[in-house]
Amino acid sequence: MKLLFSVPTGYHLRELLMPLKEHLEADSAIEQVIVMTPGARYRTEIFALYPEKFVFIENPAIENIEAHKTLLQEHHPDIVITDTVGIDFLDYPVLKAAQELRLKTLTFIASWDNVWKINRHMQAGKNVAFADSFIVWNEMMKEHLLSIVSPVLGEQVAVIGAPRLDYFWHEDRIPTKQALYEYLGLTDTSRPLIHFSTTELYPMGYLVKAIREGITKGEIPRNPYLYASVHPGGNMDNHKDLKQYDVTVRYSFGRRDNAPMKEFAYNITPDEQYMLTAVFKHADLLINHSSSTALESLIAKTPVINVKYGQPLDWWRWYRSSVYSDFKEHYLDIVKYNATRVVHNNKQLVSATKELLENPVIDEGARAKTVQRMISTVDGTTGQRVLNRIKQLV
């Protein structure tokens with residue numbers, strides 16, 4: 001059996017191929033894993049951890065469907081697998097060529113908000129190629145997908161989960177709290193850790209300032225450390241002002257400033273992924289606007305505060321921001337069952353921080369229910385189940 005994965009960027013590598021890697025290696029029924037990627041020419045730098053079973057081939061020119069067909073005919077995979085329907089433009093010609101050759105195709109929808117993106121992509125008149133079958137995280141994604149893609153029948157969409165979240169159940173491989181604190185340069189494990197997950201879509205300084213003032217005034221107990229993670233694809237210059245509030249500010253793990261291709265400037269290793277998992281597990285609280293890090297914290301049983309207000313006198317930018325729009329779209333799936341605390345001003349932010357640091361098990365039941373609804377498989381077996389589905393389709 002030969003499987004072909006489209007891997008346009010390091011993010012796509014993280015979503016599916018990396019968490020499936022050990023299963024693919026161990027499965028004797030899989031003769032070869034073909035990876036179509038613009039990073040193929042840098043195989044030793046980008047894909048050093050992948051053994052000979054993995055064959056890397058470079059994408060032809062995006063507009064050249066015939067060249068894609070020639071490459072697929074040369075390698076003759078039993079199924080072609082993508083993470084998008086064309087939202088990443090390199091996935092479109094791969095799917096299109098495979099369909100013209102009547103090869104089996106599968107799209108694993110890589111993130112819980114991506115069906116919304118598919119809809120916007122279609123409305124903008126951009127190229128979309130729908131696979132024969134889909135794998136999604138949850139029933140909400142399935143229902144939404146079926147509502148916008150009429151050719152897709154229900155039995156073609158399998159609800160399984162997200163392989164990259166299996167790491168949370170690998171307890172023996174997740175670093176300890178001591179190891180995490182040392183990695184972040186923090187010295188006292190008796191002090192709590194508040195994690196701010198920043199975004200490039202809206203600044204976060206006003207929130208960090210409010211928390212620092214709450215600590216200084218004694219409104220927030222136990223003198224917590226403040227840690228702000230910057231998206232690996234973000235710009236550190238947009239967040240350096242946070243350091244004035246005595247915050248540890250660093251890129252989230254996996255950024256590669258020396259990457260041979262910008263598409264793989266994010267290329268997280270398994271060790272880094274486990275350290276990232278440790279951040280969510282050992283932090284005492286996450287504060288963010290509306291990012292997927294909230295879900296990862298909920299999986300780790302860490303309380304979450306979602307912020308639904310902007311900077312003072314910044315109404316125009318706040319209401320036009322993607323962050324604000326999130327709360328009216330996919331982010332409703334996170335907040336509507338009270339798994340997180342949604343705050344609307346600084347006073348509520350400080351009060352919720354105090355309460356959750358003092359009593360972290362509050363809302364624990366709502367958090368567990370939301371995790372089950374969002375990722376479906378909650379025992380660390382998603383990767384194997386996804387691979388089983390792929391083999392079943394073949």
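Keep in mind it's a predicted model, so treat the numbers as computed, not measured.
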A.B. asks: Identify whether the distance between the nearest side-chain nitrogen and carboxylate oxygen of Arg164 and Glu296 falls below 4.0 Å.
C.D. replies: yes
A.B. asks: Identify which one of Trp169, Tyr167, Phe168 satisfies the ring-ring contact (aromatic ring centres under 6.0 Å, His included) criterion when paired with Tyr274.
C.D. replies: Tyr167
A.B. asks: Atom CD in Gln178, atom CG in Leu186: separation rounded to 0.5 Å?
C.D. replies: 10.5 Å
A.B. asks: Testing Tyr319, Tyr206, Tyr324, Trp318 one by one against Tyr309 for a ring-ring contact (aromatic ring centres under 6.0 Å, His included), which residue passes?
C.D. replies: Tyr206
A.B. asks: Would you kindly say whether Asn388 and Gln392 are connected by a side-chain donor-acceptor distance under 3.5 Å?
C.D. replies: no
A.B. asks: Does the Thr9 side chain pair with the main chain of Phe264, one donor and one acceptor, at a distance under 3.5 Å?
C.D. replies: no
A.B. asks: Rounded to the nearest 0.5 Å, what's the gap from OG1 on Thr302 to CD1 on Ile194? Could you check?
C.D. replies: 12.0 Å
A.B. asks: Looking only at atom types and distance, does a side-chain atom of Glu213 sit under 3.5 Å from a main-chain N or O of Ala210, one as donor and one as acceptor?
C.D. replies: no
A.B. asks: Ring of Tyr202, cation from Arg317 - is the NZ or CZ under 6.0 Å from the centre and inside 45° of the axis?
C.D. replies: yes
A.B. asks: Looking at His68 and Ala61, what are the two nearest heavy atoms and their distance?
C.D. replies: CE1-O, 3.3 Å
A.B. asks: Quick one: list whatever passes side-chain contact (heavy atoms from CB on, under 4.5 Å) with Asn59, sequence neighbours left out.
C.D. replies: Met36, Pro38, Leu90, Val94
A.B. asks: Could you tell me if the ring centre of Phe253 sits under 6.0 Å from that of Tyr183?
C.D. replies: yes
A.B. asks: Could you pull out the closest heavy-atom pair between Pro203 and Gln311, with the gap in Å?
C.D. replies: CG-NE2, 3.3 Å
A.B. asks: For the side chain of Thr82 and the backbone of Thr84, is there at least one donor-acceptor N/O pair under 3.5 Å apart?
C.D. replies: yes
A.B. asks: Can you tell me how far the CG atom of Asp91 sits from the CD1 atom of Ile81, to the nearest 0.5 Å?
C.D. replies: 11.5 Å
A.B. asks: Taking the inter-plane angle between the rings of Phe280 and His195 on a 0 to 90° scale, is it parallel (under 30°), tilted (30 to 60°) or perpendicular (over 60°)?
C.D. replies: tilted
A.B. asks: Once the angle between the rings of Tyr331 and Trp112 is folded into 0 to 90°, is it parallel (under 30°), tilted (30 to 60°) or perpendicular (over 60°)?
C.D. replies: tilted
A.B. asks: Measure the acute angle between the ring planes of Tyr50 and Phe54, then classify it against the limits of 30° and 60° as parallel, tilted or perpendicular.
C.D. replies: perpendicular
A.B. asks: Regarding Arg191 and the six-membered ring of Tyr225, is the cationic atom NZ or CZ under 6.0 Å from the ring centre and inside 45° of its axis?
C.D. replies: yes
A.B. asks: Regarding Lys21 and Glu25, does a basic nitrogen lie under 4.0 Å from an acidic carboxylate oxygen?
C.D. replies: yes
A.B. asks: Is there a donor-acceptor pair under 3.5 Å between the side chain of Arg212 and the backbone N or O of Tyr245?
C.D. replies: yes
A.B. asks: Does one side chain, of Asp271 or Thr269, offer a donor that lies under 3.5 Å from an acceptor on the other?
C.D. replies: no
A.B. asks: I'd like to know if the side chain of Lys53 and the backbone of Leu24 have a donor-acceptor N/O pair within less than 3.5 Å.
C.D. replies: yes
A.B. asks: Asn127 side chain to Gly86 main-chain N or O, any donor-acceptor pair under 3.5 Å?
C.D. replies: no
A.B. asks: Any donor and acceptor pair, going by atom type alone, linking the side chain of Ser376 with main-chain N or O of Trp137 inside 3.5 Å?
C.D. replies: yes
A.B. asks: Are the side chain of Asn306 and the backbone of His289 linked by a donor-acceptor contact shorter than 3.5 Å?
C.D. replies: yes
A.B. asks: So, does Asp166 use its side chain to make a donor-acceptor pair with the main chain of Gly383 at under 3.5 Å?
C.D. replies: yes
A.B. asks: In terms of the angle between their ring planes, are Tyr11 and Tyr266 parallel, tilted or perpendicular, with boundaries placed at 30° and 60°?
C.D. replies: parallel
A.B. asks: Under the side-chain contact (heavy atoms from CB on, under 4.5 Å) rule, collect the residues that match up with Ser111, sequence neighbours excluded.
C.D. replies: Asp113, Asn114
A.B. asks: Output yes when a side-chain donor or acceptor of Arg367 lies under 3.5 Å from a complementary backbone atom of Ile362, and no otherwise.
C.D. replies: yes
A.B. asks: To the nearest 0.5 Å, tell me how far Thr353 OG1 sits from Asn346 CG.
C.D. replies: 10.0 Å
A.B. asks: Can you tell me how far CD of Glu66 sits from CD of Gln73, rounded to the nearest 0.5 angstrom?
C.D. replies: 8.5 Å
A.B. asks: More than 12 non-hydrogen atoms from neighbouring residues, nucleotides or ligands closer than 6.0 Å to NZ on Lys2, yes or no?
C.D. replies: yes
A.B. asks: Should Arg385 and Asp379 be marked as a salt bridge (charged side-chain N to carboxylate O under 4.0 Å, His left out) after you check the CA-CA gap, both sets of side-chain angles, and the distance that decides it?
C.D. replies: CA-CA 11 Å; Arg385 293 181 189 217; Asp379 60 2; 3.5 Å; yes
A.B. asks: Quick one about Asp132 and Thr105 (side-chain donor to acceptor, distance below 3.5 Å, no hydrogens or angles considered), yes or no?
C.D. replies: yes
A.B. asks: Is it true that Asp326 and Ser290 share a donor-acceptor pair across their side chains at a distance under 3.5 Å?
C.D. replies: yes
A.B. asks: Taking the basic N atoms (NZ, or NE/NH1/NH2) and the acidic carboxylate oxygens, is any pair closer than 4.0 Å for Asp188 and Arg222?
C.D. replies: no
A.B. asks: With sequence neighbours excluded, tell me which residues meet side-chain contact (heavy atoms from CB on, under 4.5 Å) with Glu329.
C.D. replies: Trp116, Arg120
A.B. asks: Atom OH of Tyr227 and atom OG of Ser252: how far apart are they, to the nearest 0.5 Å?
C.D. replies: 5.5 Å
A.B. asks: Within a strict 4.5 Å, meaning less than it, do heavy atoms of the Ile87 and Ile118 side chains meet?
C.D. replies: yes
